[in-house]
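Data first, discussion second: the structure below is written as structure tokens.
For clarity, every value in this text was computed on a predicted model and none was experimentally measured. Letters A, B, ... are given to chains in the order of the sequence lines, protein chains preceding strands, and every chain is numbered from 1. Any value given below was found using the heavy atoms of this structure, including those in side chains, with hydrogens, waters and symmetry copies removed.
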Amino acid sequence: MKFDQIWIDRNALAYPATQFIRDKLKNVPCDVVEDVHALKHPSDLRSAKRQLVLTVHRGLAFKACQGMCEGVVCCGYYTIDVGSGCPCDCTYCILQHYISNNPMTTIYVNIEEILGIVKKHIEAEPSRQFRIGTGELSDSLAYDDITGYSKIITAFFAAQANAVFEFKTKTVTIDNLIGLKHNGKIVVSWSLNPQKIIDSEEKHSASLKERLAAAKKCVGSGYRVGFHFDPMINYPEWEKDYKEVVEAIFENVPASSIAWISLGTLRFPHHLKPIVEKRFPDTKIFCGEFIPANGKMRYFRPLREEMYKKMYGWIDNKAPYTERYLCMETPFVHKTVAEETRKHIQM
Amino acid sequence: MILQYIQTNQVNVADDSFRVTFAPRLDELKNSIREVGVINPITLRHTQEGTYQVVTGYKRLLACLELNRQTIPALIYEPHDLSPMQAFLYNLHDNIFTRELNVVEKYTICSKLVKLYAVSEEDVVKHYLPLLGEEPSYKILHQYLGLEQLIEAMKVHVVEKGAALSSAMRIAEFTPSTQNSLVNVLKHVNPSTNKLNELLTLIREIAARDGTSVEEILQRYQLLTIVADPSVAAPEKVMALRQTLRSVRLPHLTERQNQLTELIQGLQLPQSARLVADPYFEDPKLKLECQFSAPEELNALVSKIQEAFEKQHWHKIFEWYRA
């Protein structure tokens, strides 16, 4: 992504990451400000994303995944905020609503302090295995070419006994990762969808082929990789298209290198819909059969279950022991899908 | 400024530069004028071309014209005494403090302020929206400005039915020809704001999903036939309309809800017992509600429920519900 302007929080000046990023973006106009929160952001999201804010994270940078809300099964994931905003422009992206008050791309430059906080947390519970990622408020690797954070994060987690870190991305910005020592503590993951959905709903992201090629390259460098079918979109040809993606995974990556595959069907808070309809008037993602459930709009349960069961079936056909889970689903759906999968494996 | 009786035909009624009023109801006013005449003079602005523009009193003038009155008392301003913006503000204040403005009139005010009188959006939001009884919000201003896309027939419909801004805004998103078709359906019903918004959303989403026009949707599902039946009361028409559209928009859910209703009926539960399920089938728990006023009643009820249970029909419901 090309930036139009960099705003540096005066407090961020002393951090090495600030200078590192400045050096990478020498031609971008830059101003130091006393309070980045007082910056007036452009009204359209696309322009706002091209404004880069370098600041210091002072809040809760390490926390349980926002998905751990009442009524859905928690997968025990933790997130670290090292930035917010994403250069991809996915139709369904929750960030359009979630960070609408602060839509400028933000990078927290106090990465070492943030990792220090993480260290305290994971060392406080040595018997627990943590799964941690940065892909909640941003794409984990989208800005790695200007931050180089993947090198710092990989070095940090390679030395932790009880944590695995996941880079979750829709990009192919993996150059920094290749050749790093990671001790098997790093999983590089891609969100996947059929190319048809990538074309229509995941603007400015890498193609399916590119994502799988990047995954193959990471496997070549000894990493385990993950795949997230999230959000899965229900449309007339979904079965054929998603089955082909599952097959494409196993054509590119050996099952033994897959850390996990997660599934989650499209869900959204009702506030998101008018925002998306305004920004992407031609989208058809809301044409599915949605009902209100657990504070969000979700596909009607039998439709979700059908999608999950079929996906699990296709995965089982290729590699039945691949670790898989459902993301942010209700216990009811977990139970019915698990029962069906057990039946399948026993057969 | 002078006060004089002026010939009604000298006033340029078509010049709506300062007008806010839309779709006025004149019957009561005409009765009043018939009985006692025009009590308060209207306000006119004399133009350099020699015509008269209505500043305030559009309804009084219309009533007089419909009553074939030749003259009307008027306060007349010369152009240099009253700028167009002042004249518009006279009209605005003459209206906002004497009656409730409808959504089309509020749209007209916002639109004229921004487009005709070059008032900044910021000023309209901060100063004028509160005068109109609205929150000072850009979103609301833009919603009002969006009503520009409403066709005249739909504007009249919106005002007659007292539709809310949120509904008018949804309607304005449809093309003019679609609005024309919609007005023919909507004129037969008077749903609440929430129901109307739901109906409009359902229609729009079905059209988008099926890649067809709204007109086709209205025809395919015979929506006009549903609402035009004179023997059916308006609330039932709304219910039927909603049911039809929901069954098209949410076919799997509707089918399952119908199946559940059949299965529950098959239980032949006593009148005082009711089996309730989550209408969206998300909650795995079913609820049995019973009413009784004496221990004997409860006893009888329990044995009847037991009887129903023994038919094995219950198991079928549970299996089906979880499937």
Around atom [atom1] of [X], are there more than 12 heavy atoms of other residues, nucleotides or ligands at under 6.0 Å?
X        : atom1 : value
B:Lys126 : NZ    : no
B:Glu100 : CD    : no
A:Glu247 : CD    : yes
B:Glu289 : CD    : yes
A:Lys243 : NZ    : no

With sequence neighbours left out, write down each residue that passes side-chain contact (heavy atoms from CB on, under 4.5 Å) with B:Thr261, or none if nothing qualifies.
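Per chain and number, B:Thr261 pairs via side-chain contact (heavy atoms from CB on, under 4.5 Å) with B:Gln265.
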
Would you please name every residue forming a side-chain contact (heavy atoms from CB on, under 4.5 Å) with A:Ser200, sequence neighbours left out?
none

Of all the residues in residues 280-292 of chain A, which have a heavy atom that comes within less than 4.5 Å of a heavy atom in chain B?
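A:Lys284, A:Phe286, A:Cys287, A:Gly288, A:Glu289, A:Phe290, A:Ile291, A:Pro292 fall under the 4.5 Å cut-off.
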
Does anything in residues 88-98 of chain A form a salt bridge (charged side-chain N to carboxylate O under 4.0 Å, His left out)? List the pairs, not counting sequence neighbours.
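Listed by first then second residue: A:Lys49-A:Asp89, A:Asp89-A:Arg279.
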
Parallel, tilted or perpendicular: which one describes the rings of B:Tyr321 and A:Phe332, with boundaries at 30° and 60°?
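It falls in the parallel class, under 30°.
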
Less than 4.5 Å to any heavy atom of chain A: does that hold for the side chain of [X], its backbone, both, or neither?
X        : value
B:Arg204 : side chain
B:Asp283 : backbone
B:Pro279 : neither

List the steps and the verdict of side-chain contact (heavy atoms from CB on, under 4.5 Å) for A:Arg301 and B:Arg256.
CA-CA 11 Å; A:Arg301 179 174 58 81; B:Arg256 216 165 155 83; 4.1 Å; yes

What part of A:Glu306 lies closer than 4.5 angstrom to a heavy atom of chain B: side chain, backbone, both or neither?
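Neither part, no heavy atoms under 4.5 Å.
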
As an exercise, state the distance from NZ of A:Lys273 to CD of B:Glu205, rounded to the nearest 0.5 Å.
3.5 Å

From the list B:Leu253, B:Asp210, B:Asp278, B:Ile206, the residue making the most non-hydrogen contacts under 4.5 Å with chain A is B:Leu253

Against chain B, work out which of A:Thr330, A:Val333, A:Leu303 has the most heavy-atom pairs shorter than 4.5 Å and name it.
A:Leu303

